[in-house]
Amino acid sequence: MENYEIITKLPTPCYVIDEAALVKNLEILQSVEQKTGCHVLLAQKAFSSYCIYPLIAKYISGTTASGIFEARLAHEEMKNKQIHVFSPAYKDNDFNELLEICDHIVFNSFSQWKHFRDKAKKHIDVEFGLRINPEYSEIETDIYNPCFANSRLGITLDNFEENELEGISGLHFHTMCEQGAETLERTIKVVEEKFGKYLYRMKWLNFGGGHHITKPDYHVDLLVDIINYLKKKYDLQIYIEPGEAVAIDAGFLVTTVLDLTENGMKLAIVDTSAACHMPDVLEMPYRPYIIGSEMPGVLPYTYRLGGPTCLAGDIIGDYSFNNELAVGDKLIFTDMAMYTIVKNNTFNGMPLPSIYQLKTDGSTELIKEFGYEDFKRRL
Ligand SMILES: *Cc1c(COP(=O)(O)O)cnc(C)c1O
């Protein structure tokens with residue numbers, strides 16, 4: 001594709017946010033709002049590149065924040081849109097500020113709710129909710145499963161204090177990760193069984209994130225049916241706060257081959273690091289796709305790609321190519337907008353990749369560049 005040509009000309013390493021791909025995702029999310037009257041909120045945790053917030057604001061209802069900084073970012077950069085916040089625990093000072101800039105605040109426990117309740121009740125323009133833990137999830141990786149044993153996230157039915165609900169207008173659950181509407185359907189069944197009697201007393205229910213809505217095989221119609229069913233049965237407003245689904249497949253990370261060596265196999269060192277620039281490759285773990293590559297052994301030349309840090313495990317993965325790699329070659333990783341830029345770090349004194357925007361007209365614009373001072377300031 002011609003766009004790839006343009007982005008291989010950019011100085012590396014760099015992230016390139018793909019505006020057209022974002023719009024495609026946002027149109028799907030907007031259609032869910034339009035078919036149900038629900039509100040879709042960007043989970044900023046996944047993607048906070050606020051240069052794009054004005055575009056996002058044209059399609060969905062607002063954002064959700066994990067704490068004061070994300071809430072402030074939304075307040076400054078996505079004006080006149082909803083701002084929700086959930087944090088496992090709020091600090092007193094942060095809470096005062098959150099009351100001024102958020103319209104929905106979700107608590108993780110009854111003790112937090114009781115701690116802030118008096119202050120909260122003075123703000124009649126803010127709605128307050130509780131995160132529940134339905135103790136049902138289909139996530140197999142513990143680090144991403146809020147329902148694993150002894151989880152600190154959300155209130156279980158055993159710990160639910162039904163006499164303390166005055167002032168609470170909604171419930172929130174977040175128990176999914178990259179999953180389909182079928183998982184949501186099964187989750188809702190459990191939420192209803194356990195917490196259904198409280199839903200009649202609520203104004204809203206928030207489905208959290210983890211919904212793979214913009215993936216081609218996602219059953220958007222089933223999601224629409226579930227939302228409409230709940231709205232009608234309990235007279236609820238529904239919120240859904242995808243992160244990944246907003247920015248999935250909406251960006252690239254471009255890197256340059258720095259050196260080629262051998263040790264039992266061909267090795268390539270590139271100017272981007274798994275540990276610093278795509279930590280989910282090591283955390284999840286997962287294998288990012290490189291344009292023009294295949295699984296090892298499929299095409300004639302297989303390489304193990306690694307970053308320029310001194311971490312032995314800074315390995316991006318094994319890839320095969322049609323041609324031998326050469327020093328100076330550019331490689332393009334796909335799906336690099338979400339959970340990448342927000343997770344960047346300068347471990348090993350690694351530079352932060354610059355950020356470009358690939359516009360719908362095919363041109364690129366430099367959004368941010370970083371240098372030595374950005375590394376030094378944090379230390
Ligand atoms: C992480 C998170 C989200 C977004 O999750 P995605 O998997 O990116 O859709 C939404 N809400 C809460 C509370 C979260 O912790």
Side-chain angles (χ1 to χ4, degrees), residues 22 25-26 28-29 32-33 38-49 52 56 59-71 73-74 82-90 98 102 104-109 112 128-134 136-148 151-155 170-181 183-184 187 191 204-215 218 220 223 227 238-251 278-280 283-284 286 335-343:
L22 266 174
N25 292 340
L26 289 165
I28 296 171
L29 297 169
V32 175
E33 286 205 359
C38 81
H39 292 297
V40 179
L41 310 164
L42 162 71
Q44 295 177 90
K45 175 182 84 184
F47 181 79
S48 320
S49 294
I52 310 283
I56 294 175
Y59 293 88
I60 59 175
S61 294
T63 59
T64 185
S66 319
I68 186 63
F69 284 178
E70 287 182 359
L73 189 68
Q82 294 188 29
I83 305 177
H84 295 227
V85 64
F86 163 78
S87 181
Y90 298 105
L98 289 169
C102 296
H104 290 71
I105 300 180
V106 176
F107 296 97
N108 189 48
S109 68
Q112 276 260 301
F128 301 96
L130 295 167
R131 176 165 174 172
I132 53 170
N133 176 354
Y136 177 86
S137 129
E138 300 179 9
I139 302 171
E140 274 154 22
T141 319
D142 273 357
I143 188 179
Y144 293 107
N145 184 1
C147 298
F148 70 9
S151 169
R152 76 189 187 294
L153 299 171
I155 305 159
L171 297 182
H172 173 293
F173 68 89
H174 172 71
T175 59
M176 290 171 51
C177 181
E178 301 186 334
Q179 284 162 325
T183 299
L184 176 65
T187 304
V191 168
W204 50 271
L205 175 65
N206 186 323
F207 289 180
H211 312 270
H212 240 182
I213 305 170
T214 48
K215 274 281 200 193
Y218 187 91
V220 177
L223 172 65
I227 294 173
I238 302 293
Y239 299 105
I240 186 163
E241 43 185 36
E244 182 154 346
V246 174
I248 201 163
D249 255 329
M278 42 183 136
D280 276 354
E283 256 178 45
M284 276 290 268
Y286 85 104
D335 198 12
M336 281 288 163
M338 53 159 197
Y339 292 108
T340 51
I341 305 172
V342 289
K343 286 192 161 195

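All ligand and atom numbering here is 1-based and tracks the order in the structure.
The salt bridge (Lys or Arg N to Asp or Glu O under 4.0 Å) test applied to Glu138 returns Arg186, not counting sequence neighbours. Looking at residues two or more places apart in sequence or on another chain, you find no salt bridge (Lys or Arg N to Asp or Glu O under 4.0 Å) involving Lys215. Considering only residues two or more places apart in sequence or on other chains, His104 meets the ring pair (Phe, Tyr, Trp, His ring centres under 6.0 Å) condition with His84, Trp204, Tyr239.
Counted within 6.0 Å of CZ on Phe148, heavy atoms from surrounding residues, nucleotides or ligands total more than 12; the atom is thus considered enclosed.
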(message) Apply ring pair (Phe, Tyr, Trp, His ring centres under 6.0 Å) to residues Phe107 and Tyr90 and explain how you reach the verdict.
(response) CA-CA 8 Å; Phe107 296 97; Tyr90 298 105; 5.7 Å; yes

Between ligand 1 and the protein, tabulate every N or O atom pair separated by less than 3.5 Å, reporting distance only.
{"residue": "ligand 1", "atom": "7 (O)", "partner": "Gly210", "partner atom": "N", "Å": "3.3"}
{"residue": "ligand 1", "atom": "8 (O)", "partner": "Gly243", "partner atom": "N", "Å": "3.4"}
{"residue": "ligand 1", "atom": "8 (O)", "partner": "Glu244", "partner atom": "N", "Å": "2.9"}
{"residue": "ligand 1", "atom": "8 (O)", "partner": "Tyr339", "partner atom": "OH", "Å": "2.6"}
{"residue": "ligand 1", "atom": "9 (O)", "partner": "Gly210", "partner atom": "N", "Å": "2.8"}
{"residue": "ligand 1", "atom": "9 (O)", "partner": "Gly243", "partner atom": "N", "Å": "2.9"}
{"residue": "ligand 1", "atom": "11 (N)", "partner": "Glu241", "partner atom": "OE2", "Å": "2.8"}
{"residue": "ligand 1", "atom": "15 (O)", "partner": "Lys45", "partner atom": "NZ", "Å": "2.8"}

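A cation-pi geometry, defined here as NZ or CZ lying under 6.0 Å from the six-membered ring centre and within 45° of its normal, does not hold between Arg131 and Phe173.
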